[in-house]
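Encoded as structure tokens, the structure appears first; notes follow it.
Numbering of ligands and ligand atoms starts at 1, following listing order. All figures in this text were calculated on a predicted structure; none of them were measured in a lab. Position 1 is the first residue of the sequence; numbering continues from there.
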Amino acid sequence: MTILPVIPISPDQPDILPSGLMKTRRRPSMPPRHLADMDLAARRSAVASLGEPEFRAKQISTHYFGRLVRDAAEMTDLPAGSRDRLTADLLPTLLTPIREQACDDGATRKTLWRLHDGALVESVLMGYPDRVTACVSSQAGCGMACPFCATGQQGLTRNLSVAEIVDQVVYLAGVAASGAVTGSPPRLSRVVFMGMGEPLANYPRVIEAVRRLTSPAPEGLGLSQRHITVSTVGLVPAMRRLIAEGLSVTLALSLHAPDDDLRDELVPVNQRWKVAEVLDAAFDYAAQTGRRVSIEYALIRDVNDQPWRADLLGRLLKGKLAHVNLIPLNPTPGSKWDASPKPVEREFVRRLQEAGVSTTVRDTRGREIDGACGQLAAGELTDASAGGAAADAEVAQ
Ligand code: SAH
């Protein structure tokens, strides 16, 4: 593992309130408005209200989304006297990287961000020979309480704003463009909402973030909707809303058990929306978009990895537009659970394939830096920052 130097985006980070004060706040503190919160028309009005010509909205958008530049000094097509005012108003610092770590020979990089109110979130950049993927957070913490997930143990701090979501991607696109992701193309092309949080619990902001990421530059980042994956525990009403949205993003459903008894425990929201109902919504999404849904299934030794559960899952998915993505469990600190042994995993795959269900086992990128699926738990890093630093020192030796 390599500990990378922290690159401050801007030194003018607002002071953070003492934690005691933060606790007494009734409403979570949302960040200042940012260019990425607005469509181009709203940016034009924002620029005009600063007394600048409206076409500056397009210029500054081109810097941010097209060139991945956010530093006023680099915006040489803007008059020197306007640059600072425009960037201060439209590009306030939302995310300050406080730790960056790399592993897998530089192909996986995790960034821990501090938000304007002191909340912490993480994102992961993953390079492959043919593509670069950003795994981003949609909430600080998560309220879904899945017992095997590190973020789930933290509880929810707050929703991220549209720009806090988009800015993670734009920042990581800049890292990729710098050639820092070893052995991968320089263009970030995919985004998965598989970082911290439940994206469909922050529905309007996540949808707007998807629109911004997929609008052509300079309005947005110009990614393909099909290259964006939204992963959910299965909030059925929000899934139904997503069907009506008419987007063609890929939907991933974190199933983890084919039967209600076990899923009630592993994914507590199942107590509200059962396996049959959640699968129905997923299949309807697939029918509407023509896109296979991805059924996520973390294999946990002696918990959900029995042959009969593979057979039951096979029966539920047979003939459907679905693909199973098995994830070897990444045990979280103090967890009583472990990954399934490889022969058990192979048998699980075999039975699903025998039932005619397309199945793959996900590679577990970023394990070394706690950057793999379900391991993002920024809250623990702050609560035990001394411990975290000690752990780094051990690895760095
Ligand atoms: N809230 C969304 C996104 C969460 S993270 C969701 O649940 O889909 C993305 C995936 O990682 C989910 O499928 C989640 O269940 C899985 N995951 C969480 N903790 C894990 C762990 N410890 N090991 C393996 N996968 C895990």
Side-chain angles (χ1 to χ4, degrees), residues 110 121-124 126 133-157 159-160 165 168 190-203 205-206 209 228-236 238-239 242 249-257 262-263 265-270 272-273 278-279 281-282 285 293-301 303-305 322-340 345 348 360-367 369-378 380:
K110 181 176 79 166
V121 296
E122 294 175 289
S123 342
V124 185
M126 293 166 292
T133 301
C135 173
V136 297
S137 297
S138 56
Q139 299 182 309
C142 184
M144 298 299 124
C146 303
F148 56 90
C149 172
T151 314
Q153 309 315 299
Q154 270 182 232
L156 177 66
T157 303
N159 284 325
L160 300 194
I165 297 169
Q168 293 171 61
R190 287 172 197 254
V191 174
V192 295
F193 282 85
M194 293 189 179
M196 300 170 77
E198 165 52 40
L200 296 190
N202 187 14
Y203 188 90
R205 295 184 191 87
V206 165
I228 296 195
T229 300
V230 174
S231 182
T232 181
V233 286
L235 305 181
V236 169
M239 291 168 78
L242 187 63
V249 296
T250 301
L251 181 69
L253 170 64
S254 297
L255 194 67
H256 305 311
L262 181 57
R263 194 164 191 268
E265 185 190 346
L266 294 182
V267 185
V269 80
N270 194 71
R272 177 73 181 76
W273 295 289
V278 94
L279 280 178
Y285 184 84
V293 289
S294 182
I295 304 293
E296 310 293 298
Y297 198 108
L299 274 178
I300 313 176
R301 181 202 290 255
V303 172
N304 64 353
D305 61 357
H323 169 91
V324 176
N325 201 355
L326 297 172
I327 317 169
L329 182 82
N330 292 308
T332 56
S335 161
K336 56 183 176 182
W337 287 320
D338 204 352
S340 304
E345 177 185 293
F348 207 89
T360 48
V361 178
R362 182 183 294 175
D363 79 326
T364 50
R365 281 300 186 88
R367 280 200 157 195
I369 53 173
D370 288 346
C373 298
Q375 288 185 317
L376 302 184
E380 289 180 14

Ligand 1 atoms nearer than 4.0 angstrom to some heavy atom of Glu296 are 13 (O)
If you compare Cys142, Ser254, Gly195 by their heavy atoms, the one closest to atom 4 (C) of ligand 1 turns out to be Gly195
- prompt: Hey, mind stepping through Phe148 and His256 against side chain to side chain contact (heavy atoms under 4.5 Å, CB included) and telling me if it holds?
  reply: CA-CA 11 Å; Phe148 56 90; His256 305 311; 3.4 Å; yes
Original post:
Does Thr157 reach the side chain of Val121, with side-chain heavy atoms less than 4.5 Å apart?
Top reply: no
Notebook entry, point to check: Does Thr133 reach the side chain of Thr229, with side-chain heavy atoms less than 4.5 Å apart?
Noted result: no
Q) Considering distance alone, does some N or O of Pro328 sit under 3.5 Å from an N or O of ligand 1? A) no
Any heavy atom of Asn330 under 4.0 Å from ligand 1? The part involved is both
Atoms of ligand 1 under 4.0 Å from any heavy atom of His256, numbered from 1 in the order shown, are 13 (O), 14 (C), 15 (O)
If we number the atoms of ligand 1 from 1 as shown, the ones under 4.0 Å from a heavy atom of Gly197 are 1 (N), 2 (C), 3 (C)
Assess whether side chain to side chain contact (heavy atoms under 4.5 Å, CB included) is satisfied between Leu255 and Val278, documenting all intermediate values.
-> CA-CA 9 Å; Leu255 194 67; Val278 94; 4.2 Å; yes
For Cys149, the ligand 1 atoms with a heavy-atom partner under 4.0 Å come out as 18 (C), 19 (N)
Contact region, Leu253 to ligand 1, non-hydrogen atoms below 4.0 Å, reads neither
**OP:** Indicate yes or no: at least one non-hydrogen side-chain atom of Pro268 is less than 4.5 angstrom from one of Cys146.
**Re:** yes
Of Gln139, Met144, Met194, the one whose closest heavy atom lies nearest atom 5 (S) of ligand 1 is Met194
Is the closest N or O pair between Thr332 and ligand 1 shorter than 3.5 Å? no
Taking distance alone, no hydrogens or angles, what donor-acceptor pairs closer than 3.5 Å link side-chain atoms of residues 193-202 to residues at least two apart or in another chain?
{"residue": "Glu198", "atom": "OE1", "partner": "Val233", "partner atom": "N", "Å": "3.0"}
{"residue": "Glu198", "atom": "OE2", "partner": "Leu200", "partner atom": "N", "Å": "3.1"}
{"residue": "Glu198", "atom": "OE2", "partner": "Thr232", "partner atom": "OG1", "Å": "2.7"}
{"residue": "Asn202", "atom": "OD1", "partner": "Arg205", "partner atom": "NH1", "Å": "2.9"}
{"residue": "Asn202", "atom": "ND2", "partner": "Ser138", "partner atom": "O", "Å": "2.9"}
{"residue": "Asn202", "atom": "ND2", "partner": "Leu160", "partner atom": "O", "Å": "3.0"}

* Using a 4.5 Å cut-off on heavy atoms from C-beta on, say whether the side chain of Leu299 contacts that of Val361. => no
N or O contact, Glu198 vs ligand 1, cut-off under 3.5 Å: yes
- prompt: Quick one: are Tyr285 and Val249 in side-chain contact, heavy atoms under 4.5 Å?
  reply: yes
